[in-house]
Trainee: 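Structure below; questions to follow.
Just the heavy atoms: all of them, side chains too, but no hydrogens, waters or symmetry mates, feed the values below. Computed from a predicted structure; not experimentally measured. Letters go in sequence order (proteins before strands), and every chain restarts at 1.
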Amino acid sequence: MLKQTRSPTVHRIYQEFIEEYPTVEALAEADREELIEIIQPLGLYNYRADAFIEIGERTADGGLPEDEDLLSDLPQVGPYVLNATLCFGFGEERPIMDTNVERIYSRVFQNSGVDEFDEGDFWELAECMLPEREARQYNLGLLDFGYSICTHSSPSCDECFASEYCGYYQNRDDG
DNA sequence: CTCCTGTATT
DNA sequence: AATACCGGAG
């Protein structure tokens with residue numbers, strides 16, 4: 001649900017969604033129109049509805065697999081959703097990389113000597129940055145940080161713990 | 001107008 | 001690399 005969708009928007013519909021479809025079995029038997037009616041405010045609802053139902057159908061027997069390859073085979077499961085599911089859902093020590101994490105690392109490492117990487121290298125960077133333990137806590141902290149402090153526009157650098165060594169803040173124009 | 005806890009297709 | 005999918009918030 002969080003793909004290209006802000007968390008407050010997801011929060012608004014999540015309660016109704018989970019009450020209507022508490023299990024993958026329920027999703028497998030969902031009426032497509034009713035499902036769309038609930039998730040419509042998220043946008044991307046056609047893809048999402050089809051994916052929810054297909055994932056339900058394919059995992060109703062046994063629930064969501066914890067296996068990396070089986071998860072990746074499911075519709076609309078790319079690198080981000082795969083790692084987010086394994087980390088947040090199943091407690092594996094996995095990095096995440098999305099537009100928030102990309103923005104945070106790009107700022108912190110700006111003009112630091114490690115500020116030039118392509119998309120593939122961002123995942124490599126995320127792997128390097130992952131602490132030895134508590135990946136889940138670290139990743140959630142990263143997302144909260146990107147949402148509340150290191151925002152896309154007008155970040156709250158005056159409240160940021162990292163401003164002392166952040167390349168973005170250190171290179172800013174005014175004082 | 002751009003962007004958001006992206007993915008699949010071209 | 002570019003685009004479609006999509007509503008909602010800034």
Side-chain angles (χ1 to χ4, degrees), chain A residues 1-18 20 27 30 32-59 64-65 67-110 116-131 134-160 162 168:
Chain A
M1 291 190 191
L2 290 155
K3 287 158 49 169
Q4 293 292 283
T5 308
R6 290 166 181 261
S7 50
T9 306
V10 172
H11 184 253
R12 293 213 322 276
I13 68 107
Y14 188 77
Q15 189 64 34
E16 183 181 0
F17 174 89
I18 208 65
E20 192 68 27
L27 277 176
R32 190 172 184 279
E33 297 310 312
E34 288 179 13
L35 176 55
I36 287 181
E37 206 168 311
I38 293 175
I39 66 175
Q40 187 274 341
L42 299 180
L44 303 173
Y45 46 79
N46 282 308
Y47 283 158
R48 297 207 229 238
D50 292 338
F52 275 136
I53 292 172
E54 186 177 340
I55 288 173
E57 290 171 346
R58 289 171 54 177
T59 64
L64 268 191
D67 179 77
E68 177 168 7
D69 295 322
L70 293 178
L71 282 172
S72 292
D73 277 340
L74 297 173
Q76 299 303 315
V77 176
Y80 176 81
V81 171
L82 173 66
N83 271 21
T85 302
L86 289 175
C87 181
F88 300 139
F90 298 131
E92 285 192 26
E93 302 287 307
R94 296 271 185 156
I96 56 169
M97 178 51 62
D98 64 356
T99 57
N100 285 297
V101 179
E102 190 172 322
R103 179 179 65 250
I104 292 166
Y105 287 157
S106 293
R107 282 180 177 159
V108 174
F109 292 121
Q110 189 177 119
E116 295 190 9
F117 22 71
D118 57 34
E119 189 184 343
D121 288 334
F122 271 115
W123 276 100
E124 195 178 333
L125 179 65
E127 190 75 56
C128 293
M129 292 301 294
L130 198 68
E134 305 289 355
R136 176 191 167 91
Q137 284 299 101
Y138 178 75
N139 288 333
L140 288 175
L142 222 38
L143 294 172
D144 286 345
F145 179 60
Y147 176 78
S148 58
I149 304 292
C150 199
T151 54
H152 170 258
S153 53
S154 56
S156 304
C157 297
D158 54 335
E159 302 175 44
C160 180
Y168 175 82

Trainee: Taking any heavy-atom pair under 4.0 Å as a contact, classify A:G43: base, sugar-phosphate, or nothing.
Mentor: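 A:G43: base contact, heavy atoms under 4.0 Å.
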
Trainee: Would you mind telling me which of C:dA9, C:dC5, B:dT7 lies closest to the side-chain atoms of A:K3?
Mentor: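 When the side chain of A:K3 is considered, B:dT7 is the closest of C:dA9, C:dC5, B:dT7.
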
Trainee: DNA chain B: A:T5 or A:V77, which has the more 5' nearest nucleotide?
Mentor: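 That would be A:T5.
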
Trainee: From the options C:dG8, B:dC4, C:dC5, select the nucleotide whose nearest atom is closest to the side chain of A:Q40.
Mentor: C:dG8

Trainee: What is the nucleic acid contact for A:V81, judged by heavy atoms within less than 4.0 Å: base, sugar-phosphate only, or nothing?
Mentor: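 Sugar-phosphate contact only - A:V81 comes under 4.0 Å of backbone atoms but never of a base.
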
Trainee: Distance between the P atoms of C:dC6 and B:dT10, in whole angstroms?
Mentor: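 Pairwise P distance, C:dC6 against B:dT10, rounds to 16 Å.
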
Trainee: Which part of the nucleic acid, if any, lies within contact of A:S7, taking any heavy atom under 4.0 Å across all strands shown: a base, the sugar-phosphate backbone alone, or nothing?
Mentor: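 Base contact - A:S7 has a heavy atom under 4.0 Å of at least one base atom.
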
Trainee: Remember a base hit wins even if backbone is also touched, and classify A:Q4 as base, sugar-phosphate or nothing at under 4.0 Å, heavy atoms.
Mentor: base

Trainee: Could you verify whether a donor N or O on one side chain and an acceptor N or O on the other, from A:T5 and A:R48, lie under 3.5 Å apart?
Mentor: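 The answer is yes; a qualifying pair exists.
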
Trainee: Is the side chain of A:K3 donor-acceptor paired with the backbone N or O of A:V81 at a distance under 3.5 Å, no angle test?
Mentor: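 No, because the side chain of A:K3 does not come within donor-acceptor range (under 3.5 Å) of the backbone of A:V81.
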
Trainee: Is the A:Y138 to A:F145 ring centre distance short of 6.0 Å?
Mentor: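 No - the distance between ring centres of A:Y138 and A:F145 does not fall below the 6.0 Å cut-off.
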
Trainee: Within the 4.0 Å heavy-atom criterion, would you say A:N46 contacts the bases, only the backbone, or no part of the nucleic acid?
Mentor: sugar-phosphate

Trainee: Counting any heavy atom closer than 4.0 Å, what does A:V10 reach on the DNA or RNA strands: base, sugar-phosphate only, or nothing?
Mentor: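 Counting heavy atoms under 4.0 Å across all strands, no contact is made by A:V10.
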
Trainee: Taking the nucleotide of DNA chain C with the nearest heavy atom to each, does A:Y47 or A:R12 sit closer to the 5' end?
Mentor: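 Counting from the 5' end, the first nearest nucleotide belongs to A:Y47.
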
Trainee: Could you tell me how far B:dA8 sits from C:dG8 if I compare only their C1' atoms? Round to whole Å.
Mentor: 23 Å

Trainee: What does A:P8 touch in the nucleic acid at a heavy-atom separation under 4.0 angstrom: a base, only the sugar-phosphate, or nothing?
Mentor: nothing

Trainee: Let's see if you can work this out: which of C:dC5, C:dG7, B:dC3 has an atom nearest to the side-chain heavy atoms of A:Y45?
Mentor: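 Of the options given, the side chain of A:Y45 lies nearest C:dG7.
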
Trainee: Given B:dC3, B:dG6, C:dG8, identify the nucleotide with an atom nearest to the side chain of A:T99.
Mentor: B:dG6

